[in-house]
Student: 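Please read through the structure below; I'll follow up with questions.
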Amino acid sequence: MRDPELTIPEHRDLVEALAQPLPAVEAPLESCTGAVLAEDVRAAVPVPPFTNSAMDGFALRFDDIAGLAAPVTLSVLGDIPAGDTIPRECRPGAAWRIMTGAPMPAGADTVVRVEATDHSPGVAEAPEEVTISRLPERGADVRHRGEAVEPGDIVVRAGAVLRGQELAAAASVGHGALRVHPRPRVVIVTTGAELAAAGDGLAHGQIPDSNGFLLRGLVEEAGGVVAAHLRTGDSPGQLRAALDRAPLADLVITAGGISQGAHEVVRRALGADAGFHRVAQQPGGPQGVGRTRVGDGEAPVVCLPGNPVSVFVSFHVYVARALAVMAHRLPKRRGITAPRTAPAVAAAPWRSPRGKTQFIPLRPAGPDEAGAAGLPVPPEALPVVPVHALGSKSHLVASLPGADFIGVVPPATTRIGPGDQLDVIDCSHWDTAAGGAR
């Protein structure tokens, strides 16, 4: 019995229904990279937390040099290094040698830079006195407590995807943990007795397991984190046992084993948990979706075809923005997981199968290619060409590094010619980052 056939929107609806936004959790800063901030970060401490020197030099009382002409000589009371915790005081007519970031001594209100004195940079011992050759202005090179941020100020807004700069800002205002929507934890499953570990020698009939690395990269780019990569053969019991031992997951993505052959391991192992059908597209016709046991819990499962270009296409068309919904990078609303498209123009000819939507990996055409295709300069839309002469065949994994876009060719179109307009999906995942819900 043949699998039922679904339209692309019908299958996307099934995947989208599984994409539930993850609840907020409290997490240490070191594990927050890529997570979405659940609530505003307000300063718990001022920035800077104390008045300090902005330069290496000498801290002094400006009134001691006001109205004088250079050179001026002051006695030096000692050193104040960065990190000094002993309160210091600057008495009249004297100065402290001070390092950048060190707390200003009481009474001092100005720093003269070391290069404006007779003191040589890098000398370990503080001098007994210092002669100032260029007099500073009052308050020069002093950073005052709270001048950048006061307690209670918002430094990062809720909804931000946390990068190094947001985490640094949170740390600088006194936070060691944040309330975030975490990155979805994804278990990747690649199947087939023909798969060999990357770099291993290949026996007759074997191929390298490239899908594991492909999915790992795609998941990370889309905002998820790979909790585990399981590689299994063609035994349903082996696959089921591997999932039962797997760590906690928010989503399972399988690659391979879902067609209608005799050894379709994913169908045999998950047949009671997932529905399998065909979608009128090329590549990536076989698809599956459902829920299954993972470790001590349960998680949605999206079952992709096994050929690498099919995996690449199916991930972009169905999974990337679903992960973004789970991660709170996109809002949960009907149709949000449909990939955004942009107009493009073909700069080379290719064929497309009748009756199926073709998803073909494309790259930007070079100026010579666009010119040879007779496109105007500049062209009205982005000129594109297939990344491989064999078009959208599903085994062309080595051509994928050049695939910046996926072209969408309607089912009624069987041939694309130079100058023909088409829509393309951007493969950079820029639309699943912060602010991508447009």
Student: Is there side-chain contact between Phe405 and Pro364, with at least one heavy-atom pair below 4.5 Å?
Tutor: yes
Student: Check step by step if side chain to side chain contact (heavy atoms under 4.5 Å, CB included) holds for Val225 and Glu220.
Tutor: CA-CA 6 Å; Val225 59; Glu220 297 280 349; 4.1 Å; yes
Student: Using side-chain heavy atoms (C-beta onward) and a distance below 4.5 Å, is Glu166 in contact with Leu37?
Tutor: no
Student: Shortest non-hydrogen contact from Pro184 to Gly223?
Tutor: CD-O, 3.5 Å
Student: Measure the shortest side-chain to side-chain distance between Asn211 and Leu304 over non-hydrogen atoms and say whether it is less than 4.5 angstrom.
Tutor: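 Side-chain contact under 4.5 Å: no.
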Student: Taking atom CD as the centre, does Glu380 end up with more than 12 heavy-atom neighbours from other residues, nucleotides or ligands that are less than 6.0 angstrom away?
Tutor: no
Student: Under the side chain to side chain contact (heavy atoms under 4.5 Å, CB included) criterion, do Arg134 and Glu115 qualify, and how do the steps go?
Tutor: CA-CA 9 Å; Arg134 297 193 307 274; Glu115 53 265 36; 4.2 Å; yes
Student: Between Gly284 and Gln287, which heavy-atom pair has the shortest distance, and what is it?
Tutor: O-NE2, 2.8 Å
Student: Is a side-chain donor or acceptor of Arg185 paired with a backbone partner of Ala249 at a separation under 3.5 angstrom?
Tutor: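 No; zero donor-acceptor contacts below 3.5 Å.
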Student: Going from CD1 on Ile80 to CE on Met99, what distance comes out if it is rounded to the nearest 0.5 angstrom?
Tutor: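 So the CD1 of Ile80 and the CE of Met99 are separated by 9.5 Å.
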Student: Answer yes or no: does atom CZ of Arg291 have more than 12 heavy-atom neighbours from other residues, nucleotides or ligands under 6.0 Å?
Tutor: yes
Student: Any donor-acceptor pair under 3.5 Å linking the side chain of Arg240 with the backbone of Arg293?
Tutor: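 Yes; judged by distance alone, with no hydrogens or angles, the pair exists.
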Student: For Tyr318 and Val279: C-alpha separation, side-chain torsions, deciding distance, then whether side chain to side chain contact (heavy atoms under 4.5 Å, CB included) applies.
Tutor: CA-CA 12 Å; Tyr318 302 115; Val279 180; 3.5 Å; yes
Student: Should we count CD of Glu26 as having more than 12 external heavy atoms under 6.0 Å?
Tutor: yes
Student: How about Gln165: does its CD atom have over 12 heavy atoms from other parts shown lying under 6.0 Å from it?
Tutor: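 Yes, CD of Gln165 has more than 12 neighbouring heavy atoms, counting only those of other groups under 6.0 Å.
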Student: For Val45 and Gly174, which heavy atoms make the closest approach, and how far apart are they?
Tutor: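 Scanning both residues completely, I find the closest heavy atoms to be CG2-N, 3.8 Å.
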Student: Please test Glu30 against Leu167 for side chain to side chain contact (heavy atoms under 4.5 Å, CB included), starting from the C-alpha separation and ending with a verdict.
Tutor: CA-CA 8 Å; Glu30 54 266 27; Leu167 298 177; over 6 Å; no
Student: Should Arg329 and His181 count as side-chain neighbours, where that means a heavy-atom distance under 4.5 Å?
Tutor: no
Student: Before accepting this row, confirm whether a basic side-chain N of the pair Asp79/Arg97 lies closer than 4.0 Å to the acidic partner's carboxylate O.
Tutor: yes
Student: Please report the closest heavy-atom contact between Leu400 and Pro308, naming both atoms and the distance.
Tutor: CD1-O, 4.3 Å
Student: Identify the two heavy atoms, one from Val187 and one from Ala227, that lie closest to each other, and give their separation to 0.1 Å.
Tutor: CG2-CB, 4.3 Å
Student: Keeping Arg363 on the side-chain end and Ala403 on the backbone end, is there a donor-acceptor pair under 3.5 Å?
Tutor: no
Student: For Val408 and Pro410, work out which heavy atoms get closest and say how close.
Tutor: O-CD, 3.8 Å
Student: Given Val384, which of Asp404, Leu422, Ile416 fulfils the side chain to side chain contact (heavy atoms under 4.5 Å, CB included) condition?
Tutor: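 Result for side chain to side chain contact (heavy atoms under 4.5 Å, CB included) with Val384: Leu422.
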Student: Quick check: does any side chain N or O of Arg321 sit under 3.5 Å from a backbone N or O of Ala338, one acting as donor and the other as acceptor?
Tutor: yes
Student: Just wondering, do Val302 and Phe315 contact through their side chains at under 4.5 Å, heavy atoms?
Tutor: no
Student: Within a radius of less than 6.0 Å around CZ of Arg415, do more than 12 heavy atoms belonging to other residues, nucleotides or ligands occur?
Tutor: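 Yes, CZ of Arg415 has more than 12 neighbouring heavy atoms, counting only those of other groups under 6.0 Å.
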Student: CE of Met326 to NE2 of His328: how many Å apart, nearest 0.5 Å?
Tutor: 10.0 Å
Student: In Å, rounded to the nearest 0.5 Å, how long is the span from CZ of Arg12 to CG of Leu6?
Tutor: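 Reported value, rounded in 0.5 Å steps: 12.0 Å.
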Student: Using the side chain to side chain contact (heavy atoms under 4.5 Å, CB included) definition, which of the options Val409, Val309, Ile8 pairs with Phe359?
Tutor: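 Testing each of Val409, Val309, Ile8 against Phe359, the sole residue satisfying side chain to side chain contact (heavy atoms under 4.5 Å, CB included) is Ile8.
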Student: Does Glu16 reach the main-chain N or O of Gly335 with its side chain, forming a donor-acceptor pair under 3.5 Å?
Tutor: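 Side chain of Glu16 to backbone of Gly335: a pair is present.
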Student: Taking Thr51 for its side chain and Arg145 for its backbone only, find out whether a donor-acceptor pair lies under 3.5 Å.
Tutor: yes
Student: Would you confirm whether Gln281, through its side chain, and Arg278, through its main-chain N or O, come within 3.5 Å as a donor-acceptor pair?
Tutor: no
Student: To the nearest 0.5 Å, what is the distance between CG on Leu270 and OG1 on Thr254?
Tutor: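 Spacing of CG (Leu270) from OG1 (Thr254) equals 7.0 Å.
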Student: Rounded to the nearest 0.5 Å, how far apart are CD1 of Ile425 and CD1 of Ile406?
Tutor: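 It comes to 5.0 Å.
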Student: Within the 4.5 Å heavy-atom criterion, are Glu147 and Pro48 side-chain neighbours or not?
Tutor: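 They are in contact (side-chain heavy atoms under 4.5 Å apart), so the answer is yes.
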Student: Any side-chain to backbone donor/acceptor pair from Asn52 onto Phe50? Under 3.5 Å, distance only.
Tutor: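 Yes: the side chain of Asn52 pairs with the backbone of Phe50.
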Student: In this structure, is the centre-to-centre distance between the rings of Phe58 and His119 below 6.0 Å?
Tutor: yes
Student: Kindly say whether Leu218 contributes a backbone atom to a donor-acceptor pair with the side chain of Glu221 at under 3.5 angstrom?
Tutor: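 No: the side chain of Glu221 does not pair with the backbone of Leu218.
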Student: Measuring from atom CH2 of Trp350 to atom CG of Leu362, what distance do you get when rounded to the nearest 0.5 angstrom?
Tutor: 5.0 Å
Student: Do Pro283 and Phe312 have side-chain heavy atoms sitting under 4.5 Å apart?
Tutor: no
Student: Treating Thr110 as the side-chain partner and Ala59 as the backbone partner, does any N or O pair qualify as donor plus acceptor under 3.5 Å?
Tutor: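 Answer holds: no.
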Student: May I ask you to decide whether Asp13 forms a salt bridge with Arg334, counting only side-chain N to carboxylate O separations under 4.0 Å?
Tutor: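 Salt bridge: yes.
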Student: Quick check: do Pro411 and Thr357 have side-chain heavy atoms less than 4.5 Å from each other?
Tutor: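 In contact.
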